[in-house]
Amino acid sequence: MAGKILTIFFFITTSIFFFATLYHLYLRDSISSVTSSSIDNNYLQLSDPPPPPLKITTITISSPPPPPKITTITICSPPPKFTTITISSPSPPPKIAITISSKKSDNLVIHENISSPITPFQISPLRGQISSVSILMPDWESFVIVSPDYTHVISHHDPYICLYRTGEISPAFPAGELHFPVRSIFKCEFPKRARRRLPFKPPILMKSTENRNVSMISTMPELLRWTFLVYDSLTTDEDIVLFVKGVNNRQGINREPNEFNCIFGYEGNKVIRTNVTSSIQEVFRCNRPDPTVMEGEGVSISLEILLPVPMVVPSVAYYNAPRKLATNKKLEKARLCACTMVYNVGKFLKEWILYHSKIGVEKFVLYDNASDDDLDKVVDELVHDGYDVKTYFWVWPKTQEAGFSHSTIYAKDSCSWMMYIDVDEFVYSPLWANLSRPSESLLHSLLPNPKNIHDPLLDKRQVGEISIPCYEFGPSNMNSHPITGVTQGYNCRRKFENRHKSIVFLDAVHHSLLNMIHHFILNKRYRGKKMSVHDMAVNHYKFQAWPEFKAKFRRRVSAYVIDWTKELNPRSKDRTPGLGFSPVEPKGWPLKFCEVYDNGLKDLTRRWFALKSPTPLHDYRMQWQR
């Protein structure tokens, strides 16, 4: 009996000590967060903009400014509609609001108070260090974007590190270059101890041989969050398109354009605002400022939220002149192009390019999602062989819809029709079964006559999108990537088609650029056309040999496709039946999803592209194996 009492007493004492420790750590972090926010009186801590507003306590600090000399410039030439620009000299100290929000907020981002005429986004240079801005990405990864003024000093021969305020370091791996303006970007792992210290501070990018001093990090603004960010922009001849994360968070629910302004900031104290004309998904369109007012390029651009609480979304985007996909040497507009978003598809790309170029695709546009394989080398080889392949560096994860929206503007002057399919998808018609050789007219024959596309006398609504149903192929008893290519290795599929892919007339795309993964909303003048699976299909080699499938599905690129490793929305069509929530090969994977053997495209591509094999181990090899 005495032993039981002692055991219970020991358990109760230990529990009290444990929970007291947890409360102490919680209180320490809370005090640290408030104190850090109060020290830096030039920044404002925000939380993710949730549907209901958080309860907020606001402390306003102001000092009586000297009477400024005001010059007012009013721009009223319609359209677009502009607000008044105020230039003050000398500038009064800005009024700063320090906002303390719920500790549960997972969006600890910062910006300056927009009530003052200041730049909504600013890189913070440190003496002796590389000026940069950092973003906390999913999976505890930091993107470090070097300032345009410092990118030229980056040496690709020197190793770089990220230094965090806890004194921890992690290797900084070059991830590529953002353009317009050119900025080097590095990836770093966010260290485990630094994850426990709030508020999160950005790392210092430095050469591994330099002296390390973390004292300056505490005075830096908070680390930006990928969940609330203006990450890119594109200027057209008529307006500007912003790509923004964290504002229209819910699929199918979009905020009204009149709730926003586009805001253009300078290093001095001049700000220009223009009206937002469209707000759909991550895409916001706004009027261009008067070019006579905008002084050159390289001006930061962001989105100003007017309701319910005014704020400026942190931004790493810049205003630039209109930019477009380069045309061919003859300056001719391609009738049919293909666009896809890629990540580490070097070993698949040649097969996909060679096949589709032979059936009518003239130009290929690859949105490179920060590949680290030999993609660049493969593209260079294809270009050397005469194929028109262009890459656009698009580092942002899970932004396939936004990337496709970007492409409709970026490629509009170079392509009439755009086919949106993935690198593991091949367009095929059973009607081609007896053809001895491919022809570029095979896909072109699907497209409406260009002479009729705008003729209102023939039809009030012309075809602006062609939808092609998909067949999903399984592993087909393969345990590794087939050396002759996916069209030769995978020949067993599900019985019924699932979903579709599209060929889109770019002039028909709606002003909002709204799309739902390979399917666009069209202007009222146009209509869609659905192909029968008996006339045309897309062979989607989706469920490949396990090593390939595992690598692919760890990195889904769609904004609304869930993470398959998390136990959320288990009935989603994007989930793989029987896969579960962990990256472990399911039992019997090689024979899964095998309901119908289909050798149609396998036999056709062998007839069109097979070469005599130089080795006795194989009776043939394919042209893309060279």
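Just the heavy atoms: all of them, side chains too, but no hydrogens, waters or symmetry mates, feed the values below. Since we're looking at a predicted model, the values are computed, not measured.
Residues Ile253 and Asn248 fail the side-chain proximity criterion, which asks for heavy atoms closer than 4.5 Å. Between Pro448 and Gln462, every side-chain heavy-atom pair lies at or beyond the 4.5 Å cut-off. In this structure the side chain of Phe426 reaches within 4.5 angstrom of the side chain of Glu351, judged on heavy atoms. Residues His356 and Ile359 have side chains in contact (heavy-atom distance under 4.5 Å, counting atoms from C-beta outward). With a 4.5 Å cut-off on side-chain heavy atoms, Val486 and Phe473 do not count as touching. Here the side chains of Leu325 and Lys363 are in contact, with some heavy-atom distance below 4.5 Å. His540 places none of its side-chain heavy atoms less than 4.5 Å from the side chain of Asn498. The shortest distance between side-chain heavy atoms of Val283 and Val241 falls below 4.5 Å.
Atoms OG1 and CG, on Thr277 and Asn275 in that order, are 8.5 Å from each other to the nearest 0.5 Å. Here Gln281 contributes atom CD and Asn254 contributes atom CG; the two are 7.0 Å apart, rounded to the nearest 0.5 Å. A distance of 11.5 Å separates OG in Ser407 from CG in Leu366, rounded to the nearest 0.5 Å.
For Asp232 and Arg323, the salt-bridge test passes: some basic side-chain N is under 4.0 Å from an acidic carboxylate O. Look at Asp507 and Lys412 and you find a salt bridge, because one of the NZ, NE, NH1 or NH2 atoms lies within 4.0 Å of a carboxylate O, short of that distance.
Between the side chains of Gln488 and Tyr620, a donor-acceptor pair is found at a separation under 3.5 Å. Judged by distance alone, the side chains of Ser405 and Asn515 do bring a donor and an acceptor atom under 3.5 Å apart. A side-chain donor from one of Ser512 and His510 sits under 3.5 Å from a side-chain acceptor of the other.
Of the possible polar contacts, one joining the Trp589 side chain to the Gln544 backbone as a donor-acceptor pair under 3.5 Å is found. Side-chain atoms of Thr236 come within 3.5 Å of backbone N or O of Glu238 as a donor-acceptor pair. Of the possible donor and acceptor atoms, none in the side chain of Ser233 sits under 3.5 Å from a partner among the backbone N and O of Leu242. In this structure a side-chain-to-backbone donor-acceptor pair under 3.5 Å is present from Arg493 to Lys495. Under a 3.5 Å cut-off, the side chain of Ser467 and the backbone N or O of His500 do not form any donor-acceptor pair. Here the side chain of Asp239 pairs no donor or acceptor atom with the backbone of Arg285 at under 3.5 angstrom. Although no hydrogens or angles enter the test, the distance criterion places a donor-acceptor pair under 3.5 Å between the side chain of Asp373 and the main chain of Gly346. In this structure a side-chain-to-backbone donor-acceptor pair under 3.5 Å is present from Thr340 to Ile421. Proximity of a side-chain donor or acceptor of Asn539 to a complementary backbone N or O of Tyr471 within less than 3.5 Å is not detected. Without hydrogens or angle criteria, Arg606 side chain to Thr487 main chain gives no donor-acceptor distance under 3.5 Å.
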TODO: Report the C-alpha distance between Ile521 and Met516 in whole Å, list the side-chain angles of each, state the deciding distance to 0.1 Å, and finish with yes or no for side-chain contact (heavy atoms from CB on, under 4.5 Å).
DONE: CA-CA 8 Å; Ile521 302 301; Met516 284 80 73; 3.9 Å; yes
Open item on the list: Run the side-chain contact (heavy atoms from CB on, under 4.5 Å) test on Arg255 and Val247 for me, step by step, so that the C-alpha distance in whole Å, both residues' side-chain angles and the decisive distance to 0.1 Å come before the verdict.
Closed with: CA-CA 8 Å; Arg255 298 177 64 173; Val247 177; 4.2 Å; yes
TODO: I would like to know whether Met341 and Trp394 meet side-chain contact (heavy atoms from CB on, under 4.5 Å); could you show each step before the answer?
DONE: CA-CA 9 Å; Met341 191 164 289; Trp394 187 267; 3.5 Å; yes
Task: side-chain contact (heavy atoms from CB on, under 4.5 Å) between Val538 and Arg499, worked out - done: CA-CA 10 Å; Val538 172; Arg499 297 191 170 183; over 6 Å; no
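Looking at every heavy atom in both residues, Phe143 comes nearest to Ile185 through CD2-CD1, 3.9 Å. Minimum interatomic distance between Gly360 and His444 (heavy atoms only, all atoms of both residues): O-NE2, 2.8 Å. Pairing each heavy atom of Ala433 with each of Leu604, the nearest pair is O-CD1, 4.2 Å. When all heavy atoms of Thr274 and Cys286 are compared, the closest pair comes out as OG1-CB, 3.9 Å. Annotation for Gly464 and Ala508: closest pair CA-CB, 4.0 Å, computed over non-hydrogen atoms. Considering all non-hydrogen atoms of both residues, Met536 and Ser429 come closest at SD-CB, 4.0 Å.
Ring pair Trp624/Phe609 is tilted by interplanar angle, where 30° to 60° counts as tilted. Using the six-membered ring where Trp is involved, Tyr541 and Tyr490 have ring planes that are tilted, between 30° and 60° apart. Ring planes of His406 and Phe243: tilted class, angle from 30 to 60°. Between Trp432 and Tyr428, the ring planes lie perpendicular to each other; the angle is over 60°, past the 30° to 60° tilted range. Ring planes of Trp226 and Tyr231: tilted class, angle from 30 to 60°.
For Phe264 and Tyr319, the ring centers sit closer than 6.0 Å to each other. Taking the six-membered ring for Trp and the full ring otherwise, Trp352 and Phe364 have centroids separated by under 6.0 Å. Two rings, from Phe348 and His481, have their centers less than 6.0 Å apart.
Contacts classified as salt bridge (Lys or Arg N to Asp or Glu O under 4.0 Å) and involving residues 465-483 (residues at least two apart or in different chains) are given here: Glu472-Arg494, Glu472-Lys542.
Of the residues Ser480, Pro475, Pro586, the one that meets the side chain to side chain contact (heavy atoms under 4.5 Å, CB included) test with Trp546 is Pro586. Of the listed residues (Tyr420, Trp417, Tyr526), just one forms a ring-ring contact (aromatic ring centres under 6.0 Å, His included) with Phe520, and that residue is Tyr420.
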